Trainee: 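Next up is a structure, given as structure tokens.
Quick caveat, the model's predicted, so the values are computed rather than measured. Whatever order the structure lists ligands and atoms in, that order sets their numbers, starting from 1.
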Amino acid sequence: MEIIILTTKKEVYAEASSRVVDWIHKKPDAVLGLATGKTMLGVYKDLISEHKKGRVDFSSVKTINLDEYLGLDPGDPLSFHSYMDQNFFRHVNVEKNNTLIPDPLPEDVETECEAYEEAIRDRGGIDIQLLGIGRDGHIGFNEPSSSLQARTRVKTLTDETLKDNFGSAEGPRFAITMGIGTIMDAKEIILVAVGKGKAKSVSQMVEGPITASCPASALQLHPKVKVILDSRAAQLLKRKDYYMWVWKHKNEVEEHHLLYHKK
Ligand code: GLP
């Protein structure tokens, strides 16, 4: 895991957005795995501003969202369909046909979940997956106790997640979500967390054991994960100084490694 600790939220969003932009410059038809939540709003704002400045073109990009509440109309303001449209899609030149979000009203949920997995494969897999993290360590809607190998399926949300997302435990209780196994297939993963409310789940994810009690800890097994944090979200990390040293000396570290590469 590469742990990047920055001072402000703004720097965090800019760093995450520049990783996405880099992928699109390298591969104009990149497949982006997208997340929702308050944290992602900052990343989307940054991507929109890069697009408006003419620095990134989404016309060939494909997007695949992590999850969606089950039973909501796609037009419901609480749905992730609405969230994505309002906060990202309508502000950039992504083609509607190139976007994918689980159907919140499927005829048959198992068929929908299998079709979702197939759709990811048909697009050649996810190049870069954006993730936030829940206070209980969830990624997507993989709540604690989720299988670390699961694929797309329906999950029951915890009271804590409902309170975080809706202010009370009264919101939609079920969601279709990519599984941890699905997420782990992405070529690169960027997890973004800001604020002291995330400090505990971040420390468990990065420095705790790999356990279904903190689903995000499975990311320790992924070869290319960047965890981008502000100083508040990083405050409980024990090896914070080490991560900060590596990041600060990144160029020197890379140059040093190059010395030992065959020309
Ligand atoms: C939701 C989403 C997650 C997201 C999490 C954190 O539960 N399903 O993908 O990471 O919220 O959201 P926030 O950034 O609002 O804390």
Trainee: Would you say Leu130 ends up clustered with Ile126 if hydrophobic residues are merged whenever their side chains have heavy atoms under 4.5 Å apart, either directly or through other cluster members?
Mentor: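 No.
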Trainee: Any nitrogen or oxygen of Thr161, side chain or backbone, less than 3.5 Å from one on ligand 1?
Mentor: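 No, there is no polar N/O contact under 3.5 Å.
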Trainee: Which heavy-atom pair separates Tyr116 from Ile64 by the least distance, and what is that distance?
Mentor: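 Where Tyr116 meets Ile64 most closely, the heavy atoms are OH-CG2, 3.5 Å.
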Trainee: Write out the residue and atom name of the closest protein heavy atom to atom 12 (O) of ligand 1, then the distance separating them to 0.1 Å.
Mentor: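 I find the closest protein heavy atom is Gly37 CA, 3.8 Å.
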Trainee: Only heavy atoms of Phe141, strictly under 4.0 Å: list the atoms of ligand 1 that pass.
Mentor: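 Ligand 1 atoms under the 4.0 Å threshold to Phe141: 1 (C), 7 (O), 8 (N).
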Trainee: Sequence neighbours excluded, which residues qualify as salt bridge (charged side-chain N to carboxylate O under 4.0 Å, His left out) partners of Glu143?
Mentor: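 Glu143: no salt bridge (charged side-chain N to carboxylate O under 4.0 Å, His left out) contacts found.
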Trainee: As an exercise, identify every atom of ligand 1 less than 4.0 angstrom from a heavy atom of Gly132.
Mentor: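 It comes down to these atoms of ligand 1: 10 (O).
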Trainee: Can you tell me which residue and heavy atom of the protein come closest to atom 1 (C) of ligand 1, and the distance to 0.1 Å?
Mentor: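 The answer is Asn165 ND2, 3.6 Å.
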Trainee: If I compare all heavy atoms of Glu11 with all of Leu6, which pair ends up nearest, and what's the gap?
Mentor: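 Minimum heavy-atom separation between Glu11 and Leu6: O-CD1, 3.5 Å.
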Trainee: Got the closest protein heavy atom to atom 16 (O) of ligand 1, with its distance?
Mentor: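 Checking every protein heavy atom, the shortest distance to atom 16 (O) of ligand 1 gives Lys198 NZ, 2.6 Å.
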Trainee: For atom 5 (C) of ligand 1, what is the nearest protein heavy atom, given as residue, atom name and distance?
Mentor: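 The protein heavy atom lying closest is His138 NE2, 3.6 Å.
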Trainee: How about NZ on Lys52, more than 12 heavy atoms from neighbouring residues, nucleotides or ligands closer than 6.0 Å, or not?
Mentor: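 Counting other residues, nucleotides and ligands, NZ of Lys52 exceeds 12 neighbours.
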Trainee: Run the salt-bridge test on Asp185 and Arg151 with the 4.0 Å N-O cut-off and return the result as yes or no.
Mentor: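 Salt bridge: yes.
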Trainee: Mind checking what makes salt bridge (charged side-chain N to carboxylate O under 4.0 Å, His left out) contact with Arg153, not counting sequence neighbours?
Mentor: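 Scan of Arg153 (salt bridge (charged side-chain N to carboxylate O under 4.0 Å, His left out), adjacent residues dropped) gives none.
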Trainee: Which residue holds the protein heavy atom closest to atom 2 (C) of ligand 1, what is that atom called, and what is the gap in Å?
Mentor: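 Protein heavy atom with the smallest distance to atom 2 (C) of ligand 1: Gly140 O, 3.9 Å.
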Trainee: Look at atom 6 (C) of ligand 1 and say which protein heavy atom is nearest, naming residue and atom and giving the distance to 0.1 Å.
Mentor: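 That would be Ile133 O, 3.6 Å.
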Trainee: Considering heavy atoms of the protein only, find what lies nearest to atom 4 (C) of ligand 1 and give residue, atom and distance to 0.1 Å.
Mentor: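 Ranking protein heavy atoms by distance from atom 4 (C) of ligand 1, first comes Thr36 O, 3.8 Å.
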Trainee: I want to check a possible cation-pi pair here: Lys26 against Trp23, using under 6.0 Å from ring centre and within 45° of the ring axis as the test.
Mentor: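 Ring-cation test returns yes.
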Trainee: Atom 8 (N) of ligand 1: which protein heavy atom is closest, and how many Å away?
Mentor: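 Here the closest protein heavy atom is Asp67 OD2, 2.8 Å.
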